[in-house]
Amino acid sequence: MKALVKTQPGPGNLALQDVDAPKPGREDAVIRVRASGVCGTDVHILHGRYRTSTPIIIGHEFSGEIAEVGPDVTGWAVGDRVVVENKAGACGTCRLCRTGNPHICAHKLAYGTDSHGALAEYAAFHQNALHRIPDNISFEDAALTEPLVVVNHGLLERATISPASTVVVLGAGTIGLMSIQVAKAIGVAHVILAGTSKDGVRLALGKELGADTIVNVEEENLREVVSRLTSNDGADVVIEASGSPKASAETIHLAARAGKVIVIGLTGSPVSIDWDLAVFKEIDVHFSKSSTYMSWVRALKMISSGDVKTAPLITHRFGLEDWREALRVTETGEAVKALVIPNGGAK
Ligand SMILES: [Zn+2]
Ligand SMILES: [Zn+2]
């Protein structure tokens, strides 16, 4: 089968290769991948800025149908439409796994970085990671379940957001645009989306998806806007979804006293923050990584109900052979979400 493989560490070293299709272990399902999203993480992997095992098939935002099951798989059959929770390798026996945190188990082998991902025609996963796609969600829309689970974990599980609040979302990528929608779905009064000129159409899309105020930080002073809209209090919640060290440091200034900061973005470098200001304001900072079982249940319900719209985020579609272009439009920001369709149509 064809698969996009990070062959060695370092810049480049990404290639579309012919590799053996996976065989299911006794409790595994082999998934025929129907849609596979390209993420900013994949761009970092291309440039050697994000550590992975090698050789490894990348891709971690996907949907598909079961093509084959191992002999000990129960409750799943060929043809079932599925998305897959990212917890391969989690041991099931450590303190974290036994307290409901397999997503940060030290033994976890995240697919797309430490175990084989799904920018490929097929991929195999343990049955305990599968989630059924509701009938009214297309494969394309289902491929966006993974970024939504990351948002759900941060906004609804690591922190909680109350409806009568002002929320600032930093970053207008897929995570930011989904954060707006989750905040609005739970009744947040005012959502401010902040981005840069590079975000282009993404800021306008943010407005369409429910943001009440849009700020281009190159044209307006975000601190002043937030102050004005909150009677100088600051934001109840600041969501860092840009991955910019500068924006990450700014969260402390934007948050109100007793406010919350939710960190989803990875910066790739240390961040220097005004520590004392954070102490004086008694800010709660919630770092958030990956997702839990419930993040997936919630995400599939939100997409199925229409509370979160995924289709407007899907701007580009490519075959696997056009992977370079898919990564390019992701890197330049021309795409909000580029999908790779490895096996023909994905509806
Ligand atoms: Zn991603
Ligand atoms: Zn464990």
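Just so you know, ligand 1 is whichever comes first in the structure, and atom 1 is the first atom listed for that ligand. We number each residue from 1, following the sequence as shown. All of these numbers come straight from a predicted model, not from anything done at the bench.
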Cut-off under 2.8 Å, centre the Zn ion (ligand 2), protein N/O/S atoms: C91 SG, C94 SG, C97 SG, C105 SG
Minimum heavy-atom separation for V271 and A249, please, with both atom names. CG1-N, 3.9 Å
Can you tell which of Y122, F139, F125 makes a ring pair (Phe, Tyr, Trp, His ring centres under 6.0 Å) with F62? F125
side-chain contact (heavy atoms from CB on, under 4.5 Å) between L130 and I66, worked out: CA-CA 10 Å; L130 306 179; I66 295 179; 4.0 Å; yes
Does any non-hydrogen side-chain atom of E61 lie less than 4.5 Å from one of D42? no
Heavy-atom closest contact (V33 atom, A123 atom, distance): CG2-N, 4.3 Å
Any link between I239 and V226 through a network of hydrophobic side chains (Ile, Leu, Val, Met, Phe, Trp, Tyr) touching at under 4.5 Å? no
Using modelled atom types only, decide if a donor and an acceptor are shared between the side chain of T54 and the backbone of I56 within a distance under 3.5 Å. no
Could you tell me whether R132 sits above the aromatic face of W76, with NZ or CZ closer than 6.0 angstrom to the six-membered ring centre and within 45 degrees of the axis? yes
Would you list the protein N, O or S atoms within less than 2.8 Å of the Zn ion (ligand 1), leaving out water? C39 SG, H60 NE2, E61 OE2
Least distance between heavy atoms, I45 atom then G112 atom: CD1-O, 3.8 Å
